[in-house]
2 protein chains.
Amino acid sequence: MQSYQKKHRISDETRRRLEEIVGASAVLTSEAKKFERYGKDQVADPKYAHMPDLVVLPRTTDEVAAVMKVANQERIPVTPRGAGSGLSGGAVPIEGGICLSLERMNSIIEIDTDNLVAVVEPGVITHEFDTALAPYGLFFAGYPMSEEFCSIGGNVAENAGGGRAIKYGVTGNYVLGLEVVTPQGEVFQVGGKRLKDVTGYDLRHLLVGSEGTLAIITKVIIRLMPRPTHRVSLVALYRSVSEAIAVIPAIMIKGRVTPTSVEFMDRICLHESCKMLKETLPYQQADAMLLLEADGNDEASVARDAVKLEQIAGEYNPVTVLRAETPEESERFWKIRKQVPWAIRNLSADQSLEDISVPVAAIPDMVEALYALGRKYDTPIPCFGHAADGNLHATPIRNPEHSAEHWQDMLPKLLAEIYRETAHRGGTISGEHGIGHKRNAYLPLVMEAAQIETMRRIKQALDPNDILTPGKILPVA
Amino acid sequence: MQSYQKKHRISDETRRRLEEIVGASAVLTSEAKKFERYGKDQVADPKYAHMPDLVVLPRTTDEVAAVMKVANQERIPVTPRGAGSGLSGGAVPIEGGICLSLERMNSIIEIDTDNLVAVVEPGVITHEFDTALAPYGLFFAGYPMSEEFCSIGGNVAENAGGGRAIKYGVTGNYVLGLEVVTPQGEVFQVGGKRLKDVTGYDLRHLLVGSEGTLAIITKVIIRLMPRPTHRVSLVALYRSVSEAIAVIPAIMIKGRVTPTSVEFMDRICLHESCKMLKETLPYQQADAMLLLEADGNDEASVARDAVKLEQIAGEYNPVTVLRAETPEESERFWKIRKQVPWAIRNLSADQSLEDISVPVAAIPDMVEALYALGRKYDTPIPCFGHAADGNLHATPIRNPEHSAEHWQDMLPKLLAEIYRETAHRGGTISGEHGIGHKRNAYLPLVMEAAQIETMRRIKQALDPNDILTPGKILPVA
């Protein structure tokens with residue numbers, strides 16, 4: 001356990017005030033069943049976990065506002081929580097206090113087909129939202145790959161990305177409006193159902209991705225798009241990372257195709273996943289795999305895109321290029337990609353899923369640098385991710401021959417080197433998972449002091465008592 | 001002239017310090033030729049003009065930073081200026097002081113075809129940038145309709161939109177990074193050439209559209225897209241606004257087409273423009289016109305989109321639907337749209353080009369409300385704009401039978417009523433032109449006090465001496 005916590009005792013009197021606001025059954029103490037899950041998210045390492053003193057489960061915006069007024073008055077830290085599927089500790093209450101779980105605010109309030117927008121509460125599970133949109137021929141284009149278990153509020157708070165960002169962008173691109181509660185318990189709505197809005201500062205985008213540190217999201221207005229009716233998937237295996245990556249600008253410039261996805265796996269990820277799945281693809285000859293996808297609403301043009309993808313992928317000395325002829329075959333290709341996080345877990349459970357983002361053309365060189373660091377530290381660093389947008393999930397894994405102590409001692413040094421190499425290539429330390437308290441200490445490696453100072457001033461201006469999701473994003477001073 | 005100005009005398013000593021930074025020829029006093037143009041932008045009403053004390057013309061980021069250090073030390077207001085093509089007064093130095101014109105920082109620094117990004121200085125004219133990109137088969141998809149004379153820095157500072165936002169989004173969607181100078185003269189870069197970045201607060205989007213009030217933009221990193229190779233244009237005339245507007249969701253939902261543009265003109269705009277152009281279209285029978293466009297990189301699929309647009313436009317009782325068969329015919333249709341601002345100027349030079357933005361489905365009702373206000377105030381309010389994204393350039397025009405004094409007295413009341421009607425329908429007062437000092441007094445009509453207070457705290461946190469572009473966006477306290 002890291003030594004974050006200040007001591008903020010919540011008195012019985014305060015607990016009673018909170019119970020009056022949300023009802024006694026919506027305030028959980030440490031004796032409650034399943035209380036423990038509120039102390040962690042999906043970060044593997046237990047040292048990033050920390051328990052709240054209380055969990056509060058509001059059902060309405062007014063309740064959230066009333067809770068914040070109490071917390072601000074009494075200087076109690078409040079950390080909002082969605083589905084707890086984050087990968088940087090955003091929902092972990094590292095100073096204790098209140099975990100404000102928005103899981104009960106989970107209504108799809110409106111699907112407005114005249115304006116092509118939806119209004120949802122933050123606790124809605126992203127996949128359930130998608131299912132509700134399907135009958136209308138619409139979809140939320142910004143959703144991440146964890147859609148089965150993440151929630152919309154978390155998507156917005158972290159500005160989640162995913163495998164289709166090259167074509168559709170990330171969550172923030174589809175957020176037209178937000179209702180938020182400030183650290184002081186004030187409520188306001190930014191944006192709305194209009195598509196264009198330059199009225200004042202873009203608080204909408206400032207709040208998207210602010211990881212719950214500036215305000216609590218209580219409602220989201222989402223732009224909807226026509227749901228694609230056709231898609232094609234291809235797999236291409238290459239003998240080198242650089243040949244694989246050279247395909248991407250060629251697709252966009254020569255091919256004039258904006259693909260839906262170009263997923264990348266390096267040798268370790270490809271081999272471990274294929275071994276686990278008993279794949280019959282000729283992966284043994286390959287050091288890299290691309291999974292390419294195009295989609296759209298016109299069968300003929302998607303088919304033409306597929307031909308172009310196949311052609312261009314074939315020009316870079318592939319081991320093989322295969323096009324899925326059936327949905328089942330497409331599913332098979334995606335399984336290789338989706339299995340990667342589980343397959344590499346077989347190497348060791350001690351690992352750090354990273355989220356670096358570099359300019360696309362820097363990927364081959366970045367992957368080389370990762371391998372060099374792997375050799376230097378004598379530990380594997382498999383790498384997979386969203387190649388078309390340069391977002392690489394490099395994942396240092398404990399060499400089973402090293403002790404757990406050695407790993408804990410070595411990892412911060414290795415991460416610092418990875419981040420320095422990333423910054424050196426014009427990259428940054430998080431593309432879609434966020435900073436939280438997992439990466440905030442490393443921020444100065446990729447960000448100038450004046451920018452960190454600007455961020456700190458904004459946080460101080462909006463939350464002068466530092467009660468809302470304290471200890472995240474900004475390095476501890 | 002409104003009474004904005006505080007008095008900030010710039011001493012001879014200070015002027016000499018500025019001359020040392022940028023060179024004597026890059027500091028203009030009121031005796032300089034063409035000095036007068038630095039006191040205004042494209043807002044028609046001269047009451048929004050105000051002269052600076054000095055114009056400073058830096059060539060480098062370091063010069064901008066050094067100027068800001070002097071200005072911050074001596075509490076001299078500084079208002080940055082791009083091409084002066086703004087429509088809300090953003091570049092007008094309403095407290096005097098320094099006009100910091102970025103016109104000499106006009107290099108296209110890099111067109112990086114491997115990463116599909118460009119790096120440009122703020123003074124680059126948007127159309128020149130577009131011309132430079134064409135040979136690479138790339139384009140900057142966010143540019144506004146004023147591209148012939150606006151500059152990239154201004155596009156970013158105002159988050160300019162335009163006629164293609166429904167498909168391509170606005171300027172901010174393509175800004176991957178910014179180099180900025182703070183009011184204190186610190187320099188930092190947010191973002192970069194990477195496509196995904198959730199490392200810390202989204203300062204990039206906070207600065208985009210902040211109208212020069214939070215920092216000065218000295219470099220812009222822009223995402224480039226494959227340049228469309230095919231486009232089709234259609235004109236559709238309708239007997240009512242509501243029939244015209246009903247076409248839009250039908251195109252997107254039933255047609256599954258995301259059009260490039262759906263431009264709208266109401267009766268006055270259509271008739272005045274067609275009269276001026278001696279159009280032979282049967283416009284006399286029509287109360288509304290749509291100009292529809294689709295584009296793409298695949299001839300067959302663009303042709304199929306055109307068929308769908310034509311079909312759907314034909315289902316809402318049109319007077320006629322015409323598809324351009326040649327580029328000349330497409331040009332002819334666009335001329336009707338582009339002529340509107342000039343055509344309605346014939347009614348009277350006293351007018352206020354507005355920029356409201358409403359949810360798309362609210363357009364018919366909003367246009368009705370505008371007409372009712374026109375009748376109440378006995379003055380024409382023609383309306384045109386970007387219907388697919390709900391951005392309407394309603395333009396109150398002085399009834400030639402009314403005196404100029406009556407007009408000046410009446411306009412603020414009429415505008416307040418227009419904005420209230422807009423807010424009532426979920427809209428806001430600026431979709432793409434910004435607030436500046438033309439609309440800041442009206443902000444409380446469309447924005448809750450808590451949001452304005454949040455914006456004010458951010459401004460105070462980043463520019464505590466209130467020297468950078470003072471008097472804009474926020475209502476004067």
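Quick caveat: nothing in here was measured; it's all calculated off a predicted structure. Order of the sequence lines fixes the chain letters, A, B, ..., with proteins taken first and strands second; residue numbering starts at 1 for each chain.
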Salt bridge (Lys or Arg N to Asp or Glu O under 4.0 Å) contacts in which one or both residues fall within residues 423-434 of chain A, not counting sequence neighbours:
A/Asp365-A/Arg425, A/Glu421-A/Arg425, A/Glu432-B/Lys196
Determine whether more than 12 heavy atoms belonging to other residues, nucleotides or ligands lie under 6.0 Å from atom NE2 of B/His424.
no
Side chains of B/Leu443 and B/Ile435, heavy atoms from C-beta outward: is any pair under 4.5 Å?
yes
Sidechain-backbone polar pair: B/Asp295 side chain, B/Pro228 backbone, donor-acceptor under 3.5 Å:
no
Mind checking what makes ring-ring contact (aromatic ring centres under 6.0 Å, His included) contact with A/His393, not counting sequence neighbours?
A/Phe384, A/His386, A/His433
Contact check, side chains of B/Ser357 and B/Leu392, non-hydrogen atoms, under 4.5 Å:
no
Which residue out of B/Gly427, B/Gly434, B/Ser88, B/Ala215 racks up the most heavy-atom pairs below 4.5 Å with chain A?
B/Gly427
Between B/Val446 and chain A, with a heavy-atom cut-off of 4.5 Å, which part of the residue counts as in contact: side chain, backbone, both or neither?
side chain
Among residues at least two apart in sequence or on other chains, which ones pass ring-ring contact (aromatic ring centres under 6.0 Å, His included) with B/Tyr442?
B/Tyr419
Only pairs of heavy atoms separated by less than 4.5 Å count here; which of B/Gly209, B/Gly426, B/Ala250, B/Ala160 has the most with chain A?
B/Gly426
Chain A heavy atoms under 4.5 Å from B/Ile473: which part of the residue, side chain, backbone, both or neither?
side chain
For the candidates A/Gly296, A/Gly200, A/Gly390, which exhibits the highest count of non-hydrogen atom pairs separated by less than 4.5 Å from chain B?
A/Gly200
Toward chain A, the part of B/Asp389 with a non-hydrogen atom under 4.5 Å:
both
At a heavy-atom distance under 4.5 Å, which candidate from A/Arg204, A/Lys459, A/Gln460, A/Arg439 has the highest pair count against chain B?
A/Lys459
Looking only at side-chain N and O atoms, does B/Asn391 offer a donor or acceptor that is under 3.5 Å from a partner on B/Asp355?
yes
Counting heavy-atom pairs under 4.5 angstrom with chain A, the leader among B/Val360, B/Val190, B/Asp114 is B/Val190
With a 4.5 angstrom heavy-atom cut-off, could you sort out which part of A/Ala246 is near chain B: side chain, backbone, both or neither?
neither
Residue among A/Glu453, A/Met455, A/Glu158 with most heavy-atom pairs under 4.5 Å to chain B:
A/Met455
With chain B, the option among A/Leu462, A/Asn159, A/Ile248 that has the most non-hydrogen atom pairs under 4.5 Å is A/Leu462
Taking side chain as everything from C-beta outward and backbone as N, CA, C, O, which of these in A/Ile429 sits under 4.5 Å from a heavy atom of chain B? Side chain, backbone, both or neither.
both
Taking NZ, NE, NH1 and NH2 as the nitrogens, is one of them in A/Arg304 or A/Glu299 under 4.0 Å from a carboxylate oxygen of the other?
no
Tell me, for B/Thr428 versus chain A, whether the close heavy atoms (under 4.5 Å) come from the side chain, the backbone, both or neither.
both
Is it true that a side-chain atom of A/Asp197 and a backbone atom of A/Thr199 form a donor plus acceptor pair closer than 3.5 Å?
yes
At a 4.5 Å cut-off on heavy atoms, which part of A/Thr113 comes close to chain B: side chain, backbone, both, or neither?
both
Considering only heavy atoms and a distance below 4.5 Å, find which of B/Ser301, B/Ala450, B/Gly191 pairs most often with chain A.
B/Ala450
Please state whether the side chain, the backbone, both or neither of B/Ala449 comes within less than 4.5 Å of a heavy atom of chain A.
neither
Taking A/Lys472 for its side chain and A/Gly90 for its backbone only, find out whether a donor-acceptor pair lies under 3.5 Å.
yes
At a heavy-atom distance under 4.5 Å, which candidate from B/Thr213, B/Asp305, B/Ile452 has the highest pair count against chain A?
B/Thr213
Heavy-atom pairs under 4.5 Å with chain B - which of A/Leu138, A/Asn440, A/Asp202 has more of them than the others?
A/Asp202
Best-contacting candidate, B/Val358, B/Thr454, B/Ile458, B/Thr258, against chain A by heavy atom pairs under 4.5 angstrom
B/Thr454
Is there a donor-acceptor contact under 3.5 Å from the side chain of B/Arg194 to the main chain of A/Ile356?
no
Short question: side chain of B/Arg457, backbone of A/Ala461 - any donor-acceptor pair under 3.5 Å?
yes
Give a yes or no on whether the backbone of B/Gln189 and the side-chain of A/Glu448 come within a donor-acceptor separation of less than 3.5 Å.
yes
Is any residue of residues 167-183 of chain A within less than 4.5 Å of chain B by heavy atoms, and which ones?
A/Val170, A/Asn173
Under 4.5 Å heavy-atom distance to chain A, tell me which part of B/Pro464 shows up: side chain, backbone, both or neither.
side chain
Select one option (side chain, backbone, both, neither) describing which atoms of B/Leu224 are under 4.5 Å from chain A's heavy atoms.
neither
Any chance CZ of A/Phe139 has more than 12 other-residue heavy atoms, nucleotides or ligands included, within less than 6.0 Å?
yes
Chain A heavy atoms under 4.5 Å from B/Leu203: which part of the residue, side chain, backbone, both or neither?
side chain
What part of B/Arg227 gets within 4.5 angstrom of chain A, counting heavy atoms only: side chain, backbone, both, or neither?
both
I'd like to check B/Glu110 versus B/Lys193 (side-chain heavy atoms, cut-off strictly below 4.5 Å). Are they in contact?
yes
For B/Val117, does its backbone N or O pair with a side-chain atom of B/Asn115 as donor and acceptor, under 3.5 Å?
no
